[in-house]
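Note sheet for the following structure.
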Protein chains: 2
Amino acid sequence: MKTRDKILLSSLELFNERGERNITTNHIAAHLAISPGNLYYHFRNKSDIIYEIFLEYEKLVDFYLDIPEDRPITLEDLTFYLESVFDGLWSYRFFHRDLEYLLDSDRRLRQDYREFTNRCLAAISRIFEKLADAGIIQPQPDELRSAMSLNVWLVITNWMAFLKTAHALEESTSLTLKELKQGIYQVLTLEIPYLTADYRERVMALREKYRPSLPESADASDGASGKDEKLRNF
Amino acid sequence: MKTRDKILLSSLELFNERGERNITTNHIAAHLAISPGNLYYHFRNKSDIIYEIFLEYEKLVDFYLDIPEDRPITLEDLTFYLESVFDGLWSYRFFHRDLEYLLDSDRRLRQDYREFTNRCLAAISRIFEKLADAGIIQPQPDELRSAMSLNVWLVITNWMAFLKTAHALEESTSLTLKELKQGIYQVLTLEIPYLTADYRERVMALREKYRPSLPESADASDGASGKDEKLRNF
DNA sequence: GACTCACTAGAGTATATACTCTAATAATAG
DNA sequence: CTATTATTAGAGTATATACTCTAGTGAGTC
């Protein structure tokens with residue numbers, strides 16, 4: 001593997017594990033057992049490394065969120081989108097952690113990320129539209145769909161920070177992909193009221209698969225029986 | 001004013017404006033025209049300053065989110081809670097920006113913040129309960145209410161980051177409290193499907209007050225007529 | 001007037017950080 | 001084989017950062 005690619009790979013790994021703020025270019029070089037000079041031969045600066053990693057991330061998510069326009073959407077599609085988005089979030093998890101700082105220090109990144117967000121929002125909105133076309137959720141007026149899509153985005157992008165800052169995670173305990181994917185439970189919670197009668201059961205069952213195992217909120221006290229109870233009000 | 005308090009005030013101000021990561025203890029001292037030594041006489045280190053600021057923040061939010069248990073809740077109460085929470089978020093906005101790093105570097109803060117989050121989640125959940133008692137929203141099973149409360153929290157705490165990273169905000173343009181409060185629109189969006197017939201109109205009118213003025217998502221194209229249209233599907 | 005004590009100045013320091021420079025070595029093209 | 005180019009090592013550097021240390025000052029107290 002090319003040194004350049006090794007640098008990108010190691011950087012991503014170290015950033016994810018210890019946070020971009022805690023990883024210097026010297027750390028990266030040391031981790032690869034190459035010299036700082038070598039690293040700076042391949043990249044002008046640290047920002048450049050981060051920018052390239054972002055491009056990979058962007059490419060991945062854009063690939064996942066390519067909505068087929070020639071056929072209706074299925075529940076399997078929805079599952080795929082959700083799983084994929086959280087996979088992506090996991091693989092590049094350092095990125096959202098220091099997002100604001102990163103965007104402040106790199107103009108290109110700032111601009112690109114803005115467009116990226118808009119594409120994601122548009123994709124989410126399109127998914128809602130197609131879910132309605134497929135009779136999985138009720139159709140929503142444009143304005144509501146936009147606001148809903150934005151809420152989905154906010155929940156998705158903040159779920160990891162919530163886990164890391166508020167959840168059981170004592171020192172030493174580190175986040176797992178499985179825990180991260182419980183975010184899908186939260187996203188599906190947003191959709192519950194809009195489900196059609198035809199699909200309600202199936203989506204609720206899907207959601208159940210991602211239910212967090214640990215109690216996660218101060219007043220979630222039962223946790224055992226809920227499975228039949230939770231449909232009560234629909 | 002005591003030097004100690006001036007340090008806290010200036011720190012908060014500088015952190016909010018330029019980000020904790022970009023502000024050193026020397027910056028703070030220089031801004032106050034005092035010596036670094038003086039600053040370190042009053043605080044052991046930078047973490048201590050941040051911790052004290054957090055304690056103020058915590059106190060403020062705890063004060064705002066004190067739910068009265070001796071009377072039913074009103075729509076005015078709800079408005080107050082929402083406005084207050086966003087006011088608090090605004091006044092201590094640096095905090096959520098570098099949250100993960102801050103918690104990683106200070107054990108006390110980590111622990112305290114976890115409890116703080118849980119109190120907030122419990123308060124949100126309690127508000128939902130009382131909204132149902134008051135006939136403003138339909139009652140929800142515990143499990144759904146918890147998940148909903150968590151989504152509300154995720155939307156609230158991520159809204160600012162969204163504005164800063166994805167919104168119009170070019171360089172130079174800086175965030176305003178007014179824009180921040182448009183997050184209330186997003187929070188109320190979450191509650192729409194649960195509103196009772198009695199209150200739907202009133203809550204929708206309230207929500208309308210916080211509607212963002214700018215188009216905020218890729219597919220929100222109309223923006224002019226929506227006011228009558230948006231109730232179509234309810 | 002001696003003493004205490006909260007408070008302050010300002011120089012200084014150890015370390016980290018991002019990055020540069022020079023020189024050397026491998027790889028490749030003609 | 002030679003010339004060029006790509007790659008690497010490793011020492012070095014300017015600056016920043018968080019923090020320490022010493023030497024006070026000034027207001028009150030007995």
Side-chain angles (χ1 to χ4, degrees), chain A residues 1-54 94-95 97-110, chain B residues 1-54 94-95 97-110:
Chain A
M1 187 189 278
K2 295 261 183 194
T3 302
R4 187 188 160 84
D5 295 326
K6 283 198 275 188
I7 293 172
L8 288 174
L9 215 65
S10 276
S11 299
L12 176 58
E13 186 188 327
L14 292 171
F15 288 161
N16 277 341
E17 265 170 30
R18 304 188 35 213
E20 177 272 340
R21 187 167 177 178
N22 298 315
I23 296 298
T24 71
T25 48
N26 290 346
H27 286 133
I28 299 165
H31 184 256
L32 284 168
I34 65 173
S35 65
N38 193 351
L39 186 146
Y40 278 91
Y41 168 78
H42 290 284
F43 295 94
R44 271 214 331 271
N45 52 39
K46 196 181 171 189
S47 267
D48 267 11
I49 298 176
I50 292 164
Y51 183 66
E52 297 258 342
I53 293 177
F54 166 71
F94 85 93
F95 190 70
R97 173 171 168 161
D98 286 302
L99 187 56
E100 289 189 46
Y101 175 82
L102 296 178
L103 300 196
D104 273 353
S105 7
D106 188 333
R107 228 189 192 123
R108 287 171 310 174
L109 190 59
R110 184 174 188 75
Chain B
M1 188 189 276
K2 296 261 185 195
T3 302
R4 186 187 160 83
D5 294 326
K6 285 198 274 187
I7 293 171
L8 288 174
L9 217 63
S10 277
S11 300
L12 176 58
E13 186 188 327
L14 291 172
F15 289 162
N16 277 341
E17 266 169 29
R18 303 187 35 210
E20 177 271 339
R21 185 165 177 179
N22 298 315
I23 295 298
T24 72
T25 49
N26 291 346
H27 287 133
I28 299 166
H31 184 255
L32 285 168
I34 65 172
S35 65
N38 193 350
L39 186 146
Y40 278 91
Y41 169 78
H42 291 283
F43 294 94
R44 271 211 333 269
N45 52 40
K46 195 181 171 187
S47 267
D48 266 11
I49 298 176
I50 292 164
Y51 184 66
E52 296 258 342
I53 294 177
F54 166 72
F94 86 92
F95 189 69
R97 171 171 169 162
D98 285 303
L99 188 55
E100 289 189 46
Y101 175 82
L102 296 177
L103 300 195
D104 273 353
S105 9
D106 189 333
R107 230 191 189 118
R108 286 171 311 173
L109 189 59
R110 183 174 187 74

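Chain letters run A, B, ... following the sequence lines, proteins first, then strands; residues in each count from 1.
- Atom CG in A:Asn26 sits roughly 14 Å away from atom C1' in D:dA9 (whole-Å rounding).
- Between A:Tyr41 and D:dT8, a side-chain N or O to OP1/OP2 separation shorter than 4.0 Å is absent.
- The separation between A:Leu14 atom CG and C:dT17 atom P is 13 Å, rounded to whole Å.
- Note on A:His42: every side-chain N or O is 4.0 Å or more away from OP1 and OP2 of D:dA6.
- Contact annotation for B:Ala29: no contact, since no heavy-atom pair falls under 4.0 Å across all strands.
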Checklist entry - What does nucleotides 21-26 of chain D look like as a protein-contact string, B for base, S for sugar-phosphate only, - for none, at under 4.0 angstrom between heavy atoms? => result B-----

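- Between the CG atom in A:Asn45 and the CG atom in A:Leu39 there is a gap of 10.0 Å [rounded to 0.5 Å].
- Of the side-chain N and O atoms in A:Ser35, none sit less than 4.0 angstrom from OP1 or OP2 of D:dA11.
- Straight-line distance from the CZ atom of A:Phe43 to the C1' atom of D:dT8: 15 Å, rounded to whole Å.
- Side-chain N/O atoms of B:Lys2 include one lying less than 4.0 angstrom from OP1 or OP2 on C:dC7.
- Close to C:dA16, at under 4.0 Å from its OP1 or OP2, lies no side-chain N or O of A:His27.
- The nearest whole Å value for the distance from the CD1 atom in B:Ile28 to the P atom in D:dC19 is 11 Å.
- Residue A:Asn45 is classed as a sugar-phosphate contact, given heavy-atom separations below 4.0 Å to backbone atoms only.
- For the pair A:Asn38/A:Thr3, a side-chain contact is recorded, criterion being any heavy-atom separation below 4.5 Å from C-beta on.
- Side-chain contact between B:Asp98 and A:Arg21 is present, with heavy atoms from C-beta onward closer than 4.5 Å.
- A salt bridge is absent between B:Lys46 and B:Asp106: the closest approach of a Lys/Arg side-chain nitrogen to an acidic carboxylate oxygen does not fall below 4.0 angstrom.
- To the nearest angstrom, P of C:dG10 lies 15 Å from CG of B:Leu32.
- Atom CD1 of B:Ile50 and atom C1' of D:dA18 are 12 Å apart (whole Å).
- The distance between atom CG of B:Asn22 and atom C1' of D:dT17, rounded to the nearest whole Å, is 13 Å.
- The distance from atom NE2 of A:His27 to atom CG of A:Asn22, rounded to the nearest 0.5 Å, is 8.5 Å.
- Residue A:Glu52 is tested with A:Ile7, A:Leu8, A:Asp5 for a side chain to side chain contact (heavy atoms under 4.5 Å, CB included); the sole match is A:Leu8.
- Between B:Ile49 atom CD1 and D:dC19 atom C1' the separation is 12 Å, expressed in whole Å.
- With contacts defined as side-chain heavy-atom distances shorter than 4.5 Å, the pair A:His42/A:Ile34 does not qualify.
- Note on A:Thr25: every side-chain N or O is 4.0 Å or more away from OP1 and OP2 of C:dT17.
- As judged by a 4.0 angstrom heavy-atom cut-off over every strand, B:Leu39 is placed among residues making no nucleic acid contact.
- Comparing A:Thr3 and B:Lys46 against DNA chain D, the residue whose closest nucleotide sits nearer the 5' end is A:Thr3.
- When side chains are defined from C-beta on, B:Phe94 does not count as touching B:Arg18, because their heavy atoms never get closer than 4.5 Å.
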